[in-house]
Amino acid sequence: MPKTIKITMTVNDSTAEFEAEPRELLIHSLRNRLDITGPHIGCETSHCGACTVTLDGKSVKSCTVFVGQANGADVRTIEGLGTPDSLHSLQEAFREHHGLQCGYCTPGMIMRAAKLLEEIPNPTEEEVRFGMAGNICRCTGYQNIVKSIMAAARDMNEEGEVAQ
């Protein structure tokens, strides 16, 4: 039987503790052990970005991180950005500017965009397109995603809001 270890991490500002094999993927721990279903399992090969979260302040694809590597880490998922009553500026911009269709890639897109806007608070369209290149959407054609991120950047700069 595979060896399990005690995993402790902070997820969306709450402490999570559970037993898992160290080589279990972070995305599986988030979804199956912690019932955090915002990050989606897309390709499981790091190509699509549907599982994007922040791990200790870095944007990562959680299908490429072992939960053992995340032991002791701070993890933020889409559930940690806003609430249904108080959407994050990116969530509001994606809604307002039609930056989503089926919504499957949206949590990963928004999480990557939040980190991008933290790194580059006032990006050009080219910087947004380059910064989002690791996240794939099969529905939208990207124009409204870029428009949403640019609008959120403007709103966040006007309001002095921090991306995450």
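These values consider heavy atoms only, across backbone and side chains, with no hydrogens, waters or symmetry-generated copies.
The list of ring pair (Phe, Tyr, Trp, His ring centres under 6.0 Å) pairs with a residue in residues 102-127, not counting sequence neighbours, reads H40-Y104. Residue pairs meeting the salt bridge (charged side-chain N to carboxylate O under 4.0 Å, His left out) criterion with at least one partner in residues 35-59, sequence neighbours excluded, are absent.
Around atom CZ of R138, no more than 12 heavy atoms belonging to other residues, nucleotides or ligands sit under 6.0 Å away. Other residues, nucleotides and ligands place more than 12 heavy atoms under 6.0 Å from the CD atom of E19.
By the rule that hydrophobic residues join a cluster once side-chain heavy atoms approach within less than 4.5 Å of another member, L25 and I78 end up as members of separate clusters.
Formation of a donor-acceptor pair under 3.5 Å by the T10 side chain with backbone atoms of D13 is not found in this model. Remark: the backbone N or O of E127 is paired with a side-chain donor or acceptor of T124 at under 3.5 angstrom. Judged by distance alone, the side chain of R76 and the main-chain N or O of L81 form no donor-acceptor pair under 3.5 Å. Between the K61 side chain and the S46 main chain, a donor and an acceptor come within less than 3.5 Å of each other. No donor-acceptor pair closer than 3.5 Å links the side chain of N12 to the backbone N or O of E79. At least one donor-acceptor pair closer than 3.5 Å links the side chain of Q91 to the backbone N or O of H88.
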- Under the salt bridge (charged side-chain N to carboxylate O under 4.0 Å, His left out) rule, what do R129 and E126 come out as? Steps first, then yes or no, please. CA-CA 5 Å; R129 289 183 181 279; E126 183 178 327; over 6 Å; no
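Annotation for A20 and R33: closest pair CB-NE, 3.7 Å, computed over non-hydrogen atoms. Nearest heavy atoms, I136 versus M109: C-CE, 3.8 Å. Taking all atoms of both residues into account, the shortest heavy-atom contact from P121 to A153 is O-CB, 3.7 Å. Taking each heavy atom of T52 and G108 in turn, the nearest pair found is CB-O, 3.7 Å. When all heavy atoms are compared, the tightest approach of C139 to Q101 is O-OE1, 3.2 Å.
Connectivity analysis of hydrophobic side chains (ILVMFWY, heavy atoms under 4.5 Å, direct or indirect) links V53 to I5, I7, M9, V11, F18, L26, L30, L34, I36, L55, V60, V65, V67, V75.
Using a 4.0 Å cut-off between charged nitrogen and carboxylate oxygen, K6 and E17 count as a salt-bridge pair. A salt bridge links E92 with R95: the closest approach of a Lys/Arg side-chain nitrogen to an acidic carboxylate oxygen falls below 4.0 angstrom. A salt bridge is defined here as a Lys NZ or Arg NE, NH1 or NH2 lying under 4.0 Å from an Asp or Glu carboxylate O, and E158 with R154 fails to meet this definition. With respect to the salt-bridge test (charged N to carboxylate O, under 4.0 angstrom), the residues R112 and E119 qualify.
A 4.5 Å side-chain heavy-atom check between L116 and M132 finds at least one atom pair inside the cut-off. By the 4.5 Å heavy-atom criterion applied to side chains, I149 and H97 are not counted as neighbours. Side-chain contact between F66 and E24 is absent, with no heavy-atom pair separated by less than 4.5 Å. Proximity of F94 to S148: side-chain heavy atoms (C-beta onward) are separated by under 4.5 Å at one or more points. Residues S59 and M111 have side chains not in contact (no heavy-atom distance under 4.5 Å, counting atoms from C-beta outward). Side-chain contact check for C63 versus I41: every heavy-atom pair is 4.5 Å or farther apart.
Note that the CZ atom of R23 and the CD atom of Q69 stand 13.5 Å from one another [nearest 0.5 Å]. Remark: S29 OG to N71 CG distance equals 10.5 Å, nearest 0.5 Å. Here M150 contributes atom CE and I145 contributes atom CD1; the two are 14.5 Å apart, rounded to the nearest 0.5 Å. Here the OG1-CG distance, from T15 to D74, works out to 10.0 Å after rounding to the nearest 0.5 Å. In this structure, CD in E96 is found 10.0 Å from NZ in K147, a value given to the nearest 0.5 Å. Atom OG1 of residue T4 and atom CD of residue E21 lie 8.0 Å apart, to the nearest 0.5 angstrom.
Checked against L100 for a side-chain contact (heavy atoms from CB on, under 4.5 Å), the options N144, T106, T140 give a single hit: T106.
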